[in-house]
Amino acid sequence: MRRWLKVRESSSKILEQVRMYSIPVSDHRVSELITWYLRTLQRAVDIIWDNIEWRYRFPRIERRKRKQIVIIPYKLKVPELPKDKSFKKRLRDDLLQNCPYARHWVDAVIRTAYSIMESWRKRYLKGGARKIKPRVKKRFARCKITLMSVNYGEKKIRITVKPGEYIEISWSSRWFTRMVEDWRIGEVVLKDDRILIPFKSTRIIEVRDVIAWDSNELSLDGFSPRIGFIRVDLKPLQSVKIVYERKKTVVQSKNKRDLYEKYVARERNRENDFINKLATGLRGLFPNTIHVFEDLGKEDLVSRKKTSRNRRKRNARTPWKIIQKKISERAVLVKVSPKNTSRTCPQCGCVVKTRVGSIFKCPRCGFELDRQKLASINIYLKYLRMRGLPHSNDPEKAMKGELWVGVTPSGWSPVIWIPMKRDPEGCEAKGRELNIKQYQAL
Ligand SMILES: [Zn+2]
């Protein structure tokens, strides 16, 4: 074994988990509060909108290392949200007029209004939103921590409605009570018929292994120096998407809106079910592991030309953001930049321009590898570099084993399983079990 294989993780990481559970309520005061909240929220959005300053931003190109780099591609009118103290005070005073509720509710409204405006501004600058004032439609009210008092002993939350007037909710003897034992409670969201409670836990985890994952449309391809290559089959998830895409197109052409929405909801349920099983399965199969992923939010920054069509396509259908989020709720997840991960030679660092064939061949040093496995190794190397861990570029000896992991629908719920395959000793690997088997790379 070469040096870079011996890099072992033995450190502690903090794993933060959040789980959202809802408790039904029937209290007319909640609906009244939500009605007021929405009206006030829209008013706050209106006032912020009217005070936006529009500034021109001009195209800019910079020279760096003999290269021309476009910083701002074209002339752009940029909205700046008003944020100075005196504006915020005027806004608050305005909203406090005739406010029948506790003052902190106005602060909760202001904060939500700013987050709505910030997200509109971000989408607008990226070209995803038009220059139209956001409208608040969903009925909800986001609470502030200052409006809540939590009694962890009795498992009760008390929410202040008006000074001296409270709503009490208990989460004892709920189906999830045992799952959130000793967890802390974050800011709740009120809905007309229920209350959403985010439970948070912070645990320190002893990390012993790293797996770098390349996100592909039909599979999640991993590499770990301890295990070798790992492949997680995502075809069942894709077939769910394809089936529902077809169904949705049919009912859309017949203009059946109700049915369309039913399919949307059903698709989301099946997708979430799959992803939850996948994330839980990965945690079970690979305990005490850091999962390294490409930061797909940053993929836009990687020049379009350099991102192959296939790699862009994978984001269109596969819900990577949800998959990453679900894994990060159960295990430690680290993101690295996706730049050049499918074009770099892991041995000599040479960046190859063309991408032809299923085998990657380095023109400089002759290194060869199945293209599907290349990115995961490069993601792993990026992680090591990010951590400042030394390694020599010699991945060859690490590519010893291969593990196949599948998630397949069994009845109504998918389970993680190892596909039937012969292991090197000739014994048949058992399916539908959470045991790890390694296979010789072909
Ligand atoms: Zn090379």
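The first residue in the sequence is number 1, and the count goes up from there. Note that ligands are numbered from 1 as they come in the structure, with each ligand's atoms numbered from 1 the same way. The figures that follow rest on heavy atoms only: side chains count, while hydrogens, waters and symmetry mates do not.
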- Message: Are Y21 and W175 an aromatic pair, judged by ring center distance below 6.0 Å?
- Response: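 They qualify: ring centres under 6.0 Å apart.
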
- Item | is_close_aromatic(W49, Y124), centroid dist under 6.0 Å |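 That pair fails the under 6.0 Å test.
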
- Query: Excluding waters, which protein N, O or S atoms are within less than 2.8 Å of the Zn ion (ligand 1)?
  - Reply: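 For the Zn ion (ligand 1), the protein N, O and S atoms that sit under 2.8 Å away are C345 SG, C348 SG, C362 SG, C365 SG.
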
- Message: Looking at E118 and K122, is any side-chain nitrogen of the basic one under 4.0 Å from a carboxylate oxygen of the acidic one?
- Response: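 No.
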
- Query: Is there a donor-acceptor contact under 3.5 Å from the side chain of K382 to the main chain of K339?
  - Reply: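 Between the backbone of K339 and the side chain of K382 there is a qualifying donor-acceptor contact (under 3.5 Å).
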
- Are any non-hydrogen side-chain atoms of S342 and F360 less than 4.5 angstrom apart?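 The answer is no; the side chains never approach within 4.5 Å.
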
- Message: For the residue pair K277 and F274, would you count it as a cation-pi contact if the rule is NZ or CZ under 6.0 angstrom from the ring centre and within 45 degrees of the ring axis?
- Response: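 No, K277 and F274 do not form such a contact.
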
